[in-house]
Amino acid sequence: MKNFSQSLLSLWKELGLNQRVSLAIAACVLLAGMVALVFWSRRPDMQLLYGRLSEKDAAAIISQLQAQNIPHKVLGGGSTVYVPSDQVYRLRMELASKGVPSGDGVGFEIFDKGQFGLSDFVQRTNYLRALQGELARTISQLDGVRSARVMIVQPENRLLLTDQNIKPTASVFVELARNRMDPDAVNAVRNLVANAVQGLQPDQVAVVDQRGHVLSEELKQDPTLGTASSQMRYRQQVEDYLAKKVESMLVPVVGANNAIVRVSAEIETESTSLMQEKYDPEGQVVRSQTVTEDTSNSTEARAGGAVGISANTPEKAGGAAEQQTKPTQVTESNRKNRTTSYEIGRSVTNITRMPGTVRSLTASVFVAERGVGSDGKPLKRSAEELAALKQVVVNALGLKAQPGQSVDSLVSLQEVAFQTEPISQQIQQIQSETRVQGWLETASRYVGVGAALLVLFVFWKMLKKQKIEPVPMELLREPPDATKRALQTNGALSPEILNELIRQKPANIGTALRDWVAVKKS
């Protein structure tokens, strides 16, 4: 071991200043690389514990981790927490048992603790808070939404309602992770909130992002198509539906991605009310008939006799009565009335045309060529095949020609060459991207080892490039006059120097002679 250390010390003394500096720098770099490699290998494998956390939830999680002395790492501006991979699932279960993370706002856990003596107003307020918190947590789970807040306004529960038109409304504030939110996602938020609140309609839910844009304004249903946005949206829906309908008919025949269909629809946007009233004079019917019949009979009798005192005398009264005449008068009348009412036939028609009726349709269809034949020329379809495909489009759309117009003019079908990559090339591109991604993931695990090996390789190459000149071991210890002579002879071994070395140390004669013979041979 002593000889080895002396050899290294002797080798170090033989090197020049530049060689010593290079060797020291290489040794420092190698030592630093080895230390970094050791620290990197001892570093635990960190995995995601929770992401997209609020400041309150992140602080609660970090305090729990610090209390248990668990190493952790916080990234993403404090919204993402990483812990060792072997403790991820255990920590999630422990934190979930403690109600962490709780999410934005308070949910239905507000009712977990029994609270007695609360008024009905406080209970309804707590229920509204819990409902808003649960909806906000659910909306925050959507892709592209960082956080959300929900505000619900419900009418007060009163015995006497002065206004029957008061209905619940809701507002949703979302913080987006991207620049925009898809209309389907906005519509999903509206329906989610509307179905969670009794009596709430999707059109009464407003969705606003952090930039102040009202995302739900263009999605409101307008049955009368009174606004321009409603008209354009309804027209787009009709055209997309009809285009997909036709494309689904063509794909089994021409193949996937070999047909492009566009439909243009003219929509009626005005509402019309029409009332027609018609009378039929020939269609008279008896509505009512009244018959009145009157019959009257009258009889009148007249009696005659003596007048004066003789008429009141009892002895002569009976004789006078027998002599008296009794004339009579009989009157009889009959009257009959008949009243008949007739009703003239009448028909009343009320027609109300709502907006949204399709006035006319036109379609444009591009069909890809079948491919390239053996002679290198494209294979085109015949005129009969194109006419059959056009008839399929006409029948699928239900087109009918207007007066002075032909059905063929409503559909344009052309066969063209599509500028698309073959499916095999797309598959190869996807496979190559997947393979490269796998390589990158594998290489990231061994980047530290590779860096250390690279440092060793560079150090070895630098060491091989250094050429050590054969200098006698005792040359540095020679007297000043001998050193001057050695410098004057440009480092060559002269007899004077050899005699001086033999005189100083006879044992060094073997090494000096070997070096001198090697120099002479070269």
Side-chain angles (χ1 to χ4, degrees), residues 143-144 178-188 218-219 222 225 227-269 355-434:
D143 186 20
R178 296 190 292 265
N179 294 331
R180 60 184 300 273
M181 191 174 184
D182 295 336
D184 293 339
V186 178
N187 199 27
E218 297 181 356
L219 298 177
D222 188 2
L225 299 180
T227 60
S229 60
S230 300
Q231 296 174 9
M232 293 298 297
R233 185 171 62 253
Y234 178 75
R235 179 177 179 179
Q236 183 180 4
Q237 292 175 356
V238 172
E239 293 176 349
D240 291 344
Y241 166 73
L242 295 176
K244 291 180 181 178
K245 182 179 179 181
V246 176
E247 192 170 352
S248 63
M249 295 285 294
L250 296 177
V251 165
V253 179
V254 301
N257 300 324
N258 289 330
I260 300 177
V261 182
R262 294 293 182 269
V263 177
S264 177
E266 184 179 357
I267 306 299
E268 177 65 47
T269 59
T357 305
V358 180
R359 289 182 180 178
S360 62
L361 292 174
T362 56
S364 300
V365 182
F366 281 150
V367 179
E369 296 177 349
R370 289 181 174 177
V372 181
S374 58
D375 55 353
K377 295 182 180 180
L379 298 176
K380 294 185 176 295
R381 295 178 175 85
S382 62
E384 291 78 8
E385 292 177 341
L386 295 178
L389 293 177
K390 180 181 289 188
Q391 188 62 35
V392 169
V393 176
V394 171
N395 295 337
L397 295 176
L399 298 178
K400 295 181 180 179
Q402 300 294 333
Q405 191 179 30
S406 62
V407 178
D408 294 337
S409 62
L410 301 177
V411 177
S412 173
L413 190 146
Q414 297 181 9
E415 184 181 15
V416 295
F418 284 10
Q419 300 296 329
T420 57
E421 296 182 357
I423 301 297
S424 59
Q425 295 183 3
Q426 296 180 2
I427 295 176
Q428 292 177 0
Q429 183 178 2
I430 295 174
Q431 291 178 351
S432 62
E433 292 178 356
T434 306

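- Counting heavy atoms from C-beta outward, N257 and F418 have side chains that stay 4.5 Å or more apart.
- In this structure, OG in S264 is found 10.5 Å from CG in L242, a value given to the nearest 0.5 Å.
- Taking all atoms of both residues into account, the shortest heavy-atom contact from M181 to A185 is CE-CB, 3.7 Å.
- In this structure T357 satisfies the side-chain hydrogen bond (donor to acceptor under 3.5 Å, both in side chains) test with no other residue, sequence neighbours excluded.
- For the atom pair CD of E268 and CD of Q231, the computed distance is 10.0 Å after rounding to the nearest 0.5 Å.
- When all heavy atoms of E239 and A265 are compared, the pair lying nearest together is OE2-N, 3.1 Å.
- In this structure, CG on N187 lies 12.0 Å from CG on D182, to the nearest 0.5 angstrom.
- Expressed to the nearest 0.5 Å, how far CG of D240 lies from CZ of R262 amounts to 8.5 Å.
- Here salt bridge (charged side-chain N to carboxylate O under 4.0 Å, His left out) pairs that include residues 398-415, with residues two or more places apart or in two chains, are R381-E415.
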Which atom pairs, donor and acceptor, lie under 3.5 Å between side-chain atoms of residues 385-397 and protein residues at least two apart or in another chain?
{"from": "E385", "atom 1": "OE1", "to": "R370", "atom 2": "NH2", "distance (Å)": "2.9"}
{"from": "E385", "atom 1": "OE1", "to": "S382", "atom 2": "N", "distance (Å)": "3.3"}
{"from": "E385", "atom 1": "OE2", "to": "R370", "atom 2": "NH2", "distance (Å)": "2.9"}
{"from": "Q391", "atom 1": "NE2", "to": "N395", "atom 2": "OD1", "distance (Å)": "3.1"}
{"from": "N395", "atom 1": "ND2", "to": "Q391", "atom 2": "O", "distance (Å)": "3.2"}

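- For the side-chain contact (heavy atoms from CB on, under 4.5 Å) with L361, the lone residue among V263, V411, L410 that qualifies is V263.
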